[in-house]
Amino acid sequence: MCGIVGYIGSQKASPILLAGLTKLEYRGYDSAGIAIIEDGKIDVQKDQGRVSNLYKIKEIENLNGTIGIAHTRWATHGTPSKENAHPQTSNNGDFAVVHNGIIENYVELRKELEEKGYKFFSSTDTEVIPNLIDYFYKNDNKNQKELKFVNAVKNATDKLVGSFAIEVLSKENPDNMIVVRKDSPLVIGKGYGENYIASDIPAILSYTKDFYLLENLEFALLSRDNIRFFDKNLKEFNKKSDTITWNAMAADKNGYEDYMLKEIYEQPTAIRETIGTRVNTGICKFDELNFTKEYLQNLKQIYIVACGTAMHAGLAVKSTIERFSKIRTEVDIASEFRYRDPLIDDKTLCIFISQSGETADTIAALKLSKEKGAKTLAISNVIGSSITREADYSIYTHAGPEIAVASTKAYTSQITLLTLLAIYLGQVLGNVKEQEVSKLVNEMLELPIKVEEVLKTTEKVKKIAKKLYQEKDVFYLGRGVDYTTAEEASLKLKEISYIHSEGYPAGELKHGTIALIEKGVNVIGIMTNKNLVKKTISNMEEIITRGAVTTAVLSESIYKDINTTIFDNLIIVPDTDESLSSIVTIVPLQLLAYYIAKEKGLDVDKPRNLAKSVTVE
Ligand code: AGP
């Protein structure tokens, strides 16, 4: 997830662009850059590191151009570096582009362009875009300049597979800028004699409250006094603007009341960007790893080690990793693992999950594993974090920075990435059948849509939250991966609503804990696995006879199959592959915890006693 900003008007563009990037740093900050049209050429200034580094570039101060684009990056392709920073330009410098999203077919496009004589200087997917535009622009002899520019951008984006929000500058069109989006956010701010572009409203809300929200594959040709809109067939049309009534505080959360709610709603994008281009050839791609079949065949054990929600992500994928790799896989809490002298040697692969990459216990466990000869693989959401610098290998979720203390989008992205890793291990080992992989991959590609579907049940979840928010105890029950979801849902509730809660294996209840069930106690039963549902229903019936108030979280097919009248509340989630059900099922329970905490008037983003990253033991 990256941040993009653009400006065209009568003021010096650079200060507006830098201020906008600073507001968008929550979307990514491993490198940043700007491009401004000045004296008939496109001047690009960029560097690795945070936006603040741009303020130190002297040349930017001397740029007086009044049209420009800017970008703050969250690397998906190519490590954070100056050459991989955006804007990316065409070989001849005639076009500059900033891009948020992922071009899944960039490898093929790169080859096509190289055959046409283009060269590439970065390892980004984005660099194909300005060169495609240049190619089509140079080969268009029928249109006059402005429409030639629009046609070139249209022909270029027609070749892109994936998600994109792009801003384009053209040296030959110094009084225009073109923007277009598909699946990545982009808004246009309407000014007087000037116009603004941004990934989201907060970056430019201080300049205007009138916005155009571009739909997928709509093009906009901006000049200082006008904005022309074209549909996906380049048919020009008039677009109505919206007026935003947010206050500045709400703006930082892009209109959401809290970062946590915003991040819950960002999960479809986070999952889509974490999948990225790893599966578009049917073979699960992890260029960051060089595990050989022989190395994996010699492995005796995989440990997944983490804390809190990250540990739950490991639990959610343990059986998938075992299913595909046939290697015994254990999940451990880092603060326990590091003190129990675990049996580890060079035949052990240790995987460490950490959103922040700074959790002290997890880093300590990693160091211990290395001392004992294990290979170590870090999974983090922050490029260049401590844990990734310590590990032998690192792979990244692309959830974008997660601000709220309660982890949501990082969790579902971790499960997504770990499932891809499981497929990769199986494919290297030659353990998996093609149709088994393609079935799971197809389900995975459907995940963003299914999560978007679940997010539409928010109003129902809000109503249940109103019934539960004064409770003192809530139990979450589940079997198999639903038990993991129960644990994660319980942690979400505890950490932001301060209500005591337990995630419990449904089959274990009768071995003691059922003594706590009495009239009015709230129990949330999670049932998404057809093979286990009958058992969990009988557990739920046992507690209903003891007076419990029950909420059932059911997959659609189970909902249609069972008598749901015994439950007080229902939450239905779409069916998906068992390996992925914890992603779909946790979303309404994240929302439930959120709305319960809101009903209690608590600070959801900064819960008491908690820090976003526990860098001390
Ligand atoms: C999650 O909602 C909690 N804030 C906490 O359990 C967190 O998952 C844990 O501290 C691990 O953090 P990390 O992923 O940054 O290592």
Side-chain angles (χ1 to χ4, degrees), residues 258-264 266-267 270 274 304-317 331-338 350-367 376-391 394-418 476 484-499 501-503 582-583 586-587 589-594 596-597 602-617:
D258 300 284
Y259 279 112
M260 183 178 176
L261 189 61
K262 176 169 156 293
E263 288 156 10
I264 289 172
E266 283 176 340
Q267 291 182 110
T274 296
I304 301 175
V305 182
C307 300
T309 290
M311 188 272 288
H312 294 155
L315 285 175
V317 195
V331 180
D332 218 328
I333 295 168
S335 55
E336 292 295 313
F337 179 85
R338 62 180 292 203
C350 293
I351 300 172
F352 299 89
I353 309 169
S354 176
Q355 187 287 132
S356 63
E358 302 302 338
T359 299
D361 282 321
T362 310
I363 294 170
L366 189 157
K367 287 179 178 166
T376 55
L377 164 58
I379 292 180
S380 185
N381 196 39
V382 182
I383 291 188
S385 54
S386 305
I387 203 162
T388 63
R389 289 199 302 274
E390 189 63 44
S394 295
I395 55 179
Y396 292 98
T397 49
H398 292 300
E402 190 177 64
I403 311 293
V405 164
S407 182
T408 51
K409 63 177 182 173
Y411 175 65
T412 48
S413 301
Q414 286 160 356
I415 296 173
T416 302
L417 190 62
L418 279 157
Y476 292 80
T484 299
T485 303
E487 289 276 26
E488 173 57 16
S490 166
L491 175 59
K492 286 287 102 44
L493 183 70
K494 282 183 283 193
E495 66 178 323
I496 62 170
S497 75
Y498 316 150
I499 293 174
S501 161
E502 282 188 63
S582 47
I583 292 176
I586 194 60
V587 173
L589 296 171
Q590 293 167 341
L591 288 168
L592 182 64
Y594 172 81
I596 288 174
L602 298 172
D603 180 346
V604 169
D605 285 337
K606 298 189 189 65
R608 68 186 181 196
N609 313 340
L610 293 176
K612 181 58 185 168
S613 166
V614 183
T615 55
V616 294
E617 298 189 17

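In listed order, ligands and their atoms are each counted from 1.
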Decide yes or no for Asp605 and Ile403: does some side-chain heavy atom of the first lie under 4.5 Å from some side-chain heavy atom of the second?
no
Measure the distance from [atom] to every protein heavy atom, then report the residue, atom name and distance (to 0.1 Å) of the closest one.
| atom | answer |
| --- | --- |
| atom 15 (O) of ligand 1 | Ser356 OG, 2.6 Å |
| atom 14 (O) of ligand 1 | Gln355 N, 2.7 Å |
| atom 10 (O) of ligand 1 | Val614 CG2, 4.0 Å |
| atom 3 (C) of ligand 1 | Glu495 OE1, 3.4 Å |
| atom 9 (C) of ligand 1 | Cys307 O, 3.8 Å |

Considering Ile353, Thr359, Val405 one by one, which has a heavy atom nearer to atom 12 (O) of ligand 1 than any of the others?
Thr359
Sidechain-backbone polar pair: Glu488 side chain, His312 backbone, donor-acceptor under 3.5 Å
no
Say whether, by atom type as modelled, one donor and one acceptor occur between the side chain of Asp258 and the main chain of Leu261 under 3.5 angstrom.
no
Mark up the atoms of ligand 1 that fall under 4.0 Å of a heavy atom belonging to [X], in ascending order.
| X | result |
| --- | --- |
| Thr309 | 1 (C), 2 (O), 6 (O), 8 (O) |
| Ala406 | 2 (O) |
| Ala310 | 8 (O), 14 (O) |
| Ser407 | 1 (C), 2 (O) |

Can you find an N/O atom of Lys492 closer than 3.5 Å to an N/O atom of ligand 1?
yes
Closer than 4.0 angstrom: is that true for some heavy atom of Glu358 and an atom of ligand 1?
no
Can a side-chain donor-acceptor contact be found between [Y] and [X] if the only test is distance below 3.5 angstrom?
| X | Y | result |
| --- | --- | --- |
| Gln590 | Thr408 | no |
| Ser407 | Glu402 | yes |
| Gln414 | Thr397 | no |
| Ser501 | Lys492 | no |

Heavy-atom pair with the smallest gap, counting every atom of Ile586 and Ala489
CD1-N, 3.7 Å
